Amino acid sequence: MKNSYDVLVIGAGPAGSIAAKTAAEKGLDVLLIEKRQEIGDPVRCAEGVNKEYLKKHVEIDKQWICADLKGSRIYAPDGTKIEMAEEIAGGEVGYVLERKVFDRALAEHAAKAGAEVRVKTRATGLIIEDDFVRGARLMHLGKEYDVRAKIVIGADGVESKVGRWAGIDTSLKPVDIETCSQYLVAGADINQEHCEFYIGSEIAPGGYIWIFPKGDGKANIGIGILGSKMGKFKPRPVDYLNAFLEKKFPDASIVEMVFGGVPVSGSIAKTSTNGLMLVGDAARQSDPITGGGILNAMDAGKIAGEAAYAAISAEDVSLEKLGEVYEKPWRATTGHAIDLSLIVKNCFINLTDEDLNSLAHSLEGIKFERMSLLDLLHALFKANKKLLWDLRVLFKDVAKEVVKSKM
């Protein structure tokens with residue numbers, strides 16, 4: 001490990017690895033570090049991702065595909081089923097990945113592009129001089145290193161320490177985070193062509209239960225519950241998950257379990273400062289509705305890698321420059337979608353089970369493979385007129401896109 005690089009990326013998840021790969025492809029000298037000894041382990045994700053969006057970033061390798069889905073099924077509190085084809089089922093439906101293999105492959109891509117990759121290496125603080133981030137203090141196999149860099153990219157996950165060290169508030173309130181529990185189960189009769197989502201206050205208050213098939217009778221079955229819906233004398237997410245599993249798959253064997261939190265707050269107010277950018281969960285770039293963040297992280301990572309090249313080439317890594325080449329581009333694309341999702345999330349968490357059942361009934365029998373988002377919104381509004389007002393910004397935005405596409 002050298003003592004100086006153009007770019008130091010802290011965290012080798014999808015955001016960090018894509019940022020490192022992009023910057024290295026531009027000819028920059030890049031160091032990518034990961035605090036764990038194995039990239040991608042433990043998995044903290046349902047592992048679903050849209051096929052077409054994924055193909056924009058990587059060539060698909062069957063080694064890290066567990067299941068190829070046809071669509072999704074959503075179950076209302078009263079059991080009413082809504083089935084959606086893959087094309088409109090959202091950013092988490094398409095392939096189910098093996099993240100332990102996928103994340104490692106992305107880091108390998110970064111290494112092939114020229115980035116140096118170090119595992120079991122953690123950042124213990126930033127080097128800050130004249131109000132600029134100039135690198136970080138690292139710990140690797142018991143030894144401490146001061147590694148300088150023209151730009152540091154923080155991809156260190158929820159409530160990013162890198163961001164906090166740089167003076168960015170990355171803390172989360174309970175209402176801004178889904179507390180999650182997930183089991184990898186085997187030996188169960190699980191549909192392998194569709195992912196399933198279960199909603200309702202009895203089953204998952206302020207969140208949902210998911211089932212993502214992984215082939216050979218296996219599946220990720222998990223739950224996310226909004227932090228504000230939890231309390232000292234209320235059931236924990238794992239309690240709801242156990243009750244669901246006992247009822248639906250009593251004979252399933254749990255072969256792995258993971259716990260964690262997912263930001264569903266929308267992005268933080270500031271994702272860059274002098275000499276530093278935040279990407280992925282560190283920048284809260286996950287979808288506020290689903291909590292999914294793989295594709296958003298990869299999109300932001302690519303923009304950050306390109307921004308690092310632009311700023312270093314201009315010999316200007318100031319907040320103003322990074323705002324121009326990173327902050328504005330990602331907010332205009334991924335950020336815009338996140339803002340709209342936040343509007344929907346804030347609306348739907350206030351709906352009662354009766355409201356959700358009514359919405360589901362209004363959508364029964366509709367051929368979703370032929371339905372546009374605008375048509376979907378119309379159908380929902382018929383069932384609940386209040387949604388027309390609550391989601392007016394989303395409705396206008398979708399209508400605008402429809403008009404654009406016809407011009």
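Any value given below was found using the heavy atoms of this structure, including those in side chains, with hydrogens, waters and symmetry copies removed. Source: prediction; values computed, not measured.
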Q: Tell me every residue that passes ring-ring contact (aromatic ring centres under 6.0 Å, His included) with Y240, counting only those two or more places apart in sequence or in another chain.
A: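 With neighbours one apart ignored, the set is empty.
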Q: Are Y5 and E116 close enough that a side-chain donor and a side-chain acceptor fall under 3.5 Å?
A: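 Side chains of Y5 and E116: pair found under 3.5 Å.
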Q: Do the charged groups of K328 and E324 touch, with an N to O distance under 4.0 Å?
A: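 Result for this pair is no, no salt bridge flagged.
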Q: Only pairs at least two apart or in different chains count here, so list each side chain to side chain donor-acceptor pair (under 3.5 Å) that has a residue in residues 126-137.
A: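 Qualifying pairs, neighbours excluded: E129-R148.
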Q: Is D239 paired with R236 through a side-chain N to carboxylate O contact shorter than 4.0 Å?
A: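 Looking at D239 together with R236, the answer is yes, because their closest N to O distance falls below 4.0 Å.
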Q: Holding to ring-ring contact (aromatic ring centres under 6.0 Å, His included), I want the full list of residues that pass it with Y208, two or more places apart in sequence or in another chain.
A: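 Listed in chain order: F197, W210.
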Q: Using the salt bridge (Lys or Arg N to Asp or Glu O under 4.0 Å) rule, collect all pairs that involve residues 14-34, keeping only residues at least two apart or in two chains.
A: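 Salt bridge (Lys or Arg N to Asp or Glu O under 4.0 Å) check on residues 14-34 returns K2-D29, K21-E25, E34-R36.
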Q: Near D316 CG, under 6.0 Å, is it more than 12 heavy atoms from other residues, nucleotides or ligands?
A: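 Counting neighbours around CG of D316, more than 12 heavy atoms of other residues, nucleotides or ligands fall under 6.0 Å, so yes.
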Q: Does the pair R99/E47 count as a salt bridge with the N-to-O cut at 4.0 Å?
A: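 Between E47 and R99 there is no salt bridge, as every charged N stays at least 4.0 Å from the carboxylate O atoms.
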Q: Under 3.5 Å, is there a donor-acceptor pair linking the side chains of K321 and Y326?
A: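 Per modelled atom types, K321 and Y326 side chains form no pair under 3.5 Å.
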Q: Among side-chain atoms of S358 and D355, is any donor-acceptor pair under 3.5 angstrom?
A: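 No donor-acceptor contact under 3.5 Å links the two side chains.
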Q: Please identify each residue that fulfils ring-ring contact (aromatic ring centres under 6.0 Å, His included) with W165, with sequence neighbours left out.
A: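 W165 satisfies ring-ring contact (aromatic ring centres under 6.0 Å, His included) with no other residue.
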Q: Between Y183 and N242, does any side-chain donor sit less than 3.5 Å from a side-chain acceptor?
A: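 A donor-acceptor contact under 3.5 Å links the two side chains.
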Q: Would you sort out whether L340 and L342 count as a side-chain contact (heavy atoms from CB on, under 4.5 Å), showing the intermediate values?
A: CA-CA 5 Å; L340 295 179; L342 184 60; over 6 Å; no
Q: Decide, yes or no, whether a salt bridge links D156 with K35 under the criterion of side-chain N to carboxylate O below 4.0 Å.
A: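 Judged by the 4.0 Å cut-off on N to carboxylate O distance, D156 and K35 do not form a salt bridge.
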Q: Using the side-chain contact (heavy atoms from CB on, under 4.5 Å) rule, pick out the option among L8, V9, V30, L322 that qualifies with I151.
A: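 Result for side-chain contact (heavy atoms from CB on, under 4.5 Å) with I151: L322.
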Q: If a pair satisfies side chain to side chain donor-acceptor pair (under 3.5 Å) and one of its residues is in residues 258-280, list it, with sequence neighbours excluded.
A: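 Pairs touching residues 258-280 that pass the test: S267-R331, T271-E327, T271-W330, S272-E327.
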Q: Where the side chain of K345 meets the backbone of V264, is there a donor-acceptor pair that is under 3.5 Å apart?
A: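 Here the side-chain-to-backbone pair exists.
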Q: Hey, mind stepping through I153 and V162 against side-chain contact (heavy atoms from CB on, under 4.5 Å) and telling me if it holds?
A: CA-CA 9 Å; I153 297 177; V162 172; over 6 Å; no
